[in-house]
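Before any comments, here is the structure.
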Amino acid sequence: MMETVTTGDFGAGRGVSITEPVMEVRDLRMSYGSRAVLTGVDFTARRGEVLVLLGPNGAGKSTTIEILEGFRRRSGGTVRVLGEDPERGTEAWRARLGVVLQSWRDHGKWRVRELLGHLGGYYTAYSTPVRTRPWQVDDLLEVVGLTGSADIRIGKLSGGQRRRLDVAIGIVGRPDLLFLDEPTVGFDPEARREFHDLVHRLTDVDDTTVLLTTHDLDEAEKLADRILILAGGRIIADGSADALSLRVAGEAEVRWNHSGQRFVHTDTDATSFVRKLFEQHGEEITDLEVRRSSLEETYMRLVRDAEGEA
Amino acid sequence: MRGHLLRSGLTRGVIELRQTLTNGTDLFGYVLTPVLLIGLLFLIRDKTVPGSEISLGAYSLVSSLAMLLVLGALTSTAQYLTMDREDGTLLRAKATPNGMVGYLIGKIVLIVGATAVSCVAALVPGWFVVDGLRLDVTGALTLLWLAPLALLAIMPTGAMLGAFFNNARTAAVLMLPVTGLTAISGIFYPLAMLPGWLQGVAQAFPMYWLGLGLRSSFLPDSLAAAEVSGSWRLLEAAGVLILWSVVGLALAPGVLRRMASRESGSAVAARRERAMSRAV
């Protein structure tokens, strides 16, 4: 199910050569004592791609991200992030990464603008003609929707605002690669929508590569160029949401109205079923709906199968 | 780039210093010890150091600056480090290019600044309560090398202790050894009045030597007679403090690097969960 890797040929002049993937993970293994968490993870990310990493709790999503971020030593395998081994990443390498973790509570006494200005300062030395670093504080506040809270003490922000700040800090250095660990927990629907727009903006305008974990499958479907499902210590599925649902034996649900009654039928070959339906009843059929299995069903199915094997 | 980084670190320290000095709770903490101290000085204002004409109040005021400095440089350093590890500040520094260097510079500025504030808060009002303090050029020159050297001797140890504690609350137990050290380091009465073996213990630690140096700066030379060997042993003081600095600076980077390398998102999250379950 691995897709062939073709790197985009736009955005020249960046640090990573055109042909090189932004992330390359081969046979990544990780054990805590005798407990193996990752037993051979493989995947690749191209520039400007949004990868969504799904998986049950405890499957090793955070462990994987922490290894890629250079915060955790792996037990085995090869990992290349922006051309370097994260365990030996330099400060210049670090400057090209953005990190949004699950729970930050830091810098509670600082004011929003103050902290963004301060942290942005560390990136000035790594500014390039193609990518000016850091992001101007006022623009950044605008982009994440915190303009009105610029002078508020961080400890006083609401949960959703705090999360926006975390995202702002994650992108203040205008990263080439951004890690987002459950970024929208605590967001209301509007904030979630704004966040999705922001991610699209980052990938479209800045050509940022994004690796994101979430438990929200709608979010995954909306954002992902590619979905990776991590279960049983390895990647059990890798592809677009569409490709994944095709993989689950293409069962689809057909609903229609006939003489005032509602009918539901599940079939592996929905197209021929619908054809027959029209041959039989013609115009009497109204309100026809065909739904391929949703990402949620696909996900549940794939994870259950993988856990059954293990 | 070096210059830029240094500026970032200094700015960081100044911002955090301003935050702590405009925060009611923190401010109360800085002022409480000096206020208690002044109260004590007032009570003993008529007493003199045994075997001399010098007021015990003057002796204690000057010596207790050593205690305040150790409290700041050792206990606060350890507590700040534990706190910053607990809430993710340290991890944030790690996720930022050169962030750890900026963090350390900032912390040094903060701790030196806050310690200076609490020493001044004790010294200035105390000067009016007790008799017999003086400061001449030699004394001032002594302070110029003594105070930085003392901070250098103590802060690395404080940072290392901070690496060993898992949360800020347990780090507060550091108050106990510091209080114990205060009791045996000749802060409120001359060291010579203690049994010989205790004198030996006290002289292994920086607090006694710092106190000694401070007394030589602020008190008349006649008081040297009340010291252990009857003189200001400034050379020995410098020697002991330099030894502590060298050992501390040799060990601290390794210990801190080890501590920092263990920091990750899940480590912070786990600590947060423990903190939450304690709160319930």
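Please read all numbers here as calculations on a predicted model, not as lab measurements. Letters A, B, ... mirror the listed sequences (proteins, then strands); counts begin at 1.
Residues A/Ser149 and A/Val112 share a closest heavy-atom pair of O-CG2, 3.4 Å.
Per-residue heavy-atom pair counts under 4.5 Å with chain B were compared for A/Ile169, A/Thr63, A/Asp181, A/Leu97, and the maximum is reached by A/Ile169. Options A/Arg72, A/Arg153, A/Lys109 differ in how many heavy-atom pairs under 4.5 Å they form with chain B, and the most are formed by A/Lys109. Each of B/Ser261, B/Ser264, B/Pro97, B/Gly99 has some count of heavy-atom pairs under 4.5 Å with chain A, and the biggest count is that of B/Pro97.
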Query - Working for side chain to side chain donor-acceptor pair (under 3.5 Å), residues A/Thr214 and A/Glu219 - result: CA-CA 8 Å; A/Thr214 183; A/Glu219 178 165 282; 3.0 Å; yes
Requested in this report: Report the C-alpha separation of B/Asn23 and B/Tyr30 in whole Å, then their side-chain angles, then the decisive distance to 0.1 Å, and conclude whether the side chain to side chain donor-acceptor pair (under 3.5 Å) test is met.
Outcome: CA-CA 11 Å; B/Asn23 175 299; B/Tyr30 294 126; over 6 Å; no
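Looking at A/Glu66, the atoms closer than 4.5 Å to chain B (heavy atoms on both sides) all sit in the side chain, from C-beta outward. Residue B/Leu91 touches chain A through both its backbone and its side chain, counting heavy-atom pairs closer than 4.5 Å. Residue A/Glu114 touches chain B through its side chain alone, counting heavy-atom pairs closer than 4.5 Å. Looking at A/Trp110, the atoms closer than 4.5 Å to chain B (heavy atoms on both sides) sit in the backbone and in the side chain alike. For A/Thr124, the part sitting under 4.5 Å from any heavy atom of chain B is the side chain, from C-beta outward, and nothing else. Only the backbone of B/Glu263 comes within less than 4.5 Å of a heavy atom in chain A; its side chain stays farther off. In this structure, chain A has no heavy atom under 4.5 Å from any part of B/Asp84. Interface residue B/Arg18: only side-chain heavy atoms are found under 4.5 Å from chain A.
Put simply, the residue from A/Arg47, A/Arg174, A/Arg133 that forms a salt bridge (charged side-chain N to carboxylate O under 4.0 Å, His left out) with A/Asp206 is A/Arg174.
Contact of the B/Leu241 side chain with the B/Leu146 side chain is registered, since non-hydrogen atoms from C-beta on lie closer than 4.5 Å. A/Thr90 places a side-chain heavy atom less than 4.5 Å from the side chain of A/Glu84.
A side-chain donor-acceptor contact under 3.5 Å links B/Thr96 to the backbone of B/Arg92.
Counting heavy atoms of neighbouring residues, nucleotides and ligands inside a 6.0 Å radius, atom CZ of B/Phe28 does not exceed 12 of them.
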